[in-house]
Amino acid sequence: MLLGILVVLCFIPTADVTENKILVAQRPLLTVANKTATLVCNYTYNGTGKEFRASLHKGTDSAVEVCFISWNTTKISSNSNKEFNCQGIHDKDKVIFNLWNMSASQTDIYFCKIEAMYPPPYVYNEKSNGTVIHVKETPIQTQEPQSAIPLWIMVAVTGVLAFYSMLITAVFINYWQKSKKNMYHQSDYMNMTPRHPPYQKNKGYPSYAPTRDYTAYRSWQP
């Protein structure tokens, strides 16, 4: 009886023990400085599956599915979590997940999951060591607006305008002082043309001499 059992066990195919197994390899660390990350999930599969699904999960417990891609011999489809910008691409024995517009709050460990959906049996990879994606905080740079005119030109123009302003001011002051002086001299001028009395027009006074008005002096007479 024991001999018969041993003979039956010898005819069990050993291929069934190792078939339909998926292994996944990821890089341990990925540093992101420009908000864009590319995570490559390399995998090996020795089964006969024809329909697959690959997904990227966030967190130590893989609680958040970031995005996924599914494919078969004729069709490829993908979807992303609304909180992430992610797209999956299948390329032979690897799946590439591209992430962009990442923030520092999304720094975490990410795991790749590969599933053979059809035909049965359904299999998926054991949990890998994952990849830590470190998203660096982008410093906010405040750039001062640059003037379209070079600084040296502005300084030169300002100097020229200041010089001409001082020159015009000096000319104006000089002209004003001269005008004031001329007005002062004109106010002190006395008309020295001889005048003759109205009733002595022909007693030796020149014809050009105007008639002197003596009425202006009557108030001074005693």
Side-chain angles (χ1 to χ4, degrees), residues 12-151:
I12 297 177
T14 58
D16 293 341
V17 178
T18 59
E19 195 178 48
N20 293 332
K21 190 173 183 180
I22 302 175
L23 299 176
V24 173
Q26 301 177 221
R27 59 184 300 182
L29 177 63
L30 184 60
T31 302
V32 177
N34 57 355
K35 299 184 179 182
T36 302
T38 300
L39 179 57
V40 180
C41 303
N42 296 292
Y43 72 93
T44 57
Y45 174 64
N46 56 2
T48 58
K50 295 182 180 180
E51 185 175 338
F52 300 88
R53 187 179 190 273
S55 54
L56 182 64
H57 297 261
K58 175 181 177 291
T60 55
D61 54 355
S62 301
V64 179
E65 184 179 82
V66 178
C67 63
F68 75 88
I69 178 174
S70 60
W71 69 93
N72 54 29
T73 56
T74 59
K75 183 180 178 181
I76 298 176
S77 62
S78 63
N79 194 13
S80 175
N81 189 313
K82 63 180 181 179
E83 297 180 359
F84 293 86
N85 296 292
C86 176
Q87 183 180 21
I89 301 173
H90 174 248
D91 184 14
K92 294 182 181 179
D93 56 353
K94 61 184 176 182
V95 177
I96 304 172
F97 290 103
N98 295 313
L99 299 100
W100 62 95
N101 289 338
M102 300 188 72
S103 62
S105 62
Q106 294 175 337
T107 296
D108 209 326
I109 187 168
Y110 291 77
F111 297 94
C112 298
K113 183 178 181 180
I114 310 295
E115 304 168 84
M117 309 295 294
Y118 184 85
Y122 163 79
V123 292
Y124 63 92
N125 65 288
E126 296 181 359
K127 193 171 184 179
S128 64
N129 293 328
T131 300
V132 175
I133 299 181
H134 178 209
V135 184
K136 293 184 177 181
E137 187 72 35
T138 303
I140 300 176
Q141 298 180 354
T142 56
Q143 186 176 5
E144 296 182 358
Q146 296 182 354
S147 177
I149 304 176
L151 180 61

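The first residue of the sequence shown is numbered 1, and numbering continues consecutively from there.
Note on residues 23-34: no pairs pass salt bridge (Lys or Arg N to Asp or Glu O under 4.0 Å), not counting sequence neighbours. Annotation: salt bridge (Lys or Arg N to Asp or Glu O under 4.0 Å) contacts involving residues 59-86, sequence neighbours excluded, comprise Arg53-Glu65. For residues 95-134, the disulfide bond (SG atoms under 2.5 Å apart) pairs, not counting sequence neighbours, are Cys41-Cys112. Annotation: disulfide bond (SG atoms under 2.5 Å apart) contacts involving residues 78-109, sequence neighbours excluded, comprise Cys67-Cys86. Among residues at least two apart or in separate chains, salt bridge (Lys or Arg N to Asp or Glu O under 4.0 Å) pairs with a member in residues 95-108 are Lys58-Asp108.
Closest approach of Phe84 and Val64 over heavy atoms only: CE1-CG1, 4.1 Å. Taking all atoms of both residues into account, the shortest heavy-atom contact from Ala116 to Tyr45 is CB-OH, 3.9 Å. When every heavy atom of Phe68 is checked against every heavy atom of Ser55, the shortest pair comes out as CB-CB, 3.8 Å. Taking each heavy atom of Ile69 and His90 in turn, the nearest pair found is CD1-N, 3.7 Å. Nearest heavy atoms, Phe111 versus Ser62: CD1-OG, 3.5 Å. Here the closest heavy-atom approach between residue Ala37 and residue Met102 is recorded as CB-SD, 3.8 Å.
His134 meets the ring pair (Phe, Tyr, Trp, His ring centres under 6.0 Å) test with no other residue; sequence neighbours excluded. Lys94 meets the side chain to side chain contact (heavy atoms under 4.5 Å, CB included) test with Val40, Asn42, Asp91, Ile96; sequence neighbours excluded. In this structure, Tyr43 has no ring pair (Phe, Tyr, Trp, His ring centres under 6.0 Å) partners at least two apart in sequence or on a different chain. With sequence neighbours left out, the side chain to side chain contact (heavy atoms under 4.5 Å, CB included) criterion links Asn34 to Val32, Thr36. Checked against side chain to side chain contact (heavy atoms under 4.5 Å, CB included), Tyr122 has the following partners two or more places apart in sequence or in another chain: Lys113, Glu115, Met117, Tyr124. In this view, Ser70 and Ser77 satisfy the side-chain hydrogen bond (donor to acceptor under 3.5 Å, both in side chains) rule, not counting sequence neighbours. Residues meeting the side chain to side chain contact (heavy atoms under 4.5 Å, CB included) test with Gln87, sequence neighbours left out: Trp100.
Atom CD1 of residue Ile89 and atom CG of residue Asn98 lie 5.0 Å apart, to the nearest 0.5 angstrom. Note: Leu30 CG to Ile133 CD1 = 5.5 Å, rounded to the nearest 0.5 Å. Separation of atoms CG (Asn101) and NZ (Lys35) is listed at 6.5 Å; rounding is to 0.5 Å. Interatomic distance, CD1 of Ile109 versus OG1 of Thr131, reported as 7.5 Å (0.5 Å rounding).
For the pair Asn46 (side chain) and Lys21 (backbone), a donor-acceptor distance under 3.5 Å is present. Judged by distance alone, with hydrogens and angles left aside, the side-chain atoms of Tyr118 form no donor-acceptor pair with the main-chain N or O of Pro121 at under 3.5 Å. A side-chain donor-acceptor contact under 3.5 Å links Thr107 to the backbone of Val135.
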Task: Test side-chain contact (heavy atoms from CB on, under 4.5 Å) applied to Tyr110 and Val66, step by step - done: CA-CA 9 Å; Tyr110 291 77; Val66 178; 3.8 Å; yes
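Heavy atoms of other residues, nucleotides or ligands lying less than 6.0 angstrom from CG of Asn81 number more than 12. The number of heavy atoms from other shown groups lying within 6.0 Å of NZ (Lys127) is above 12.
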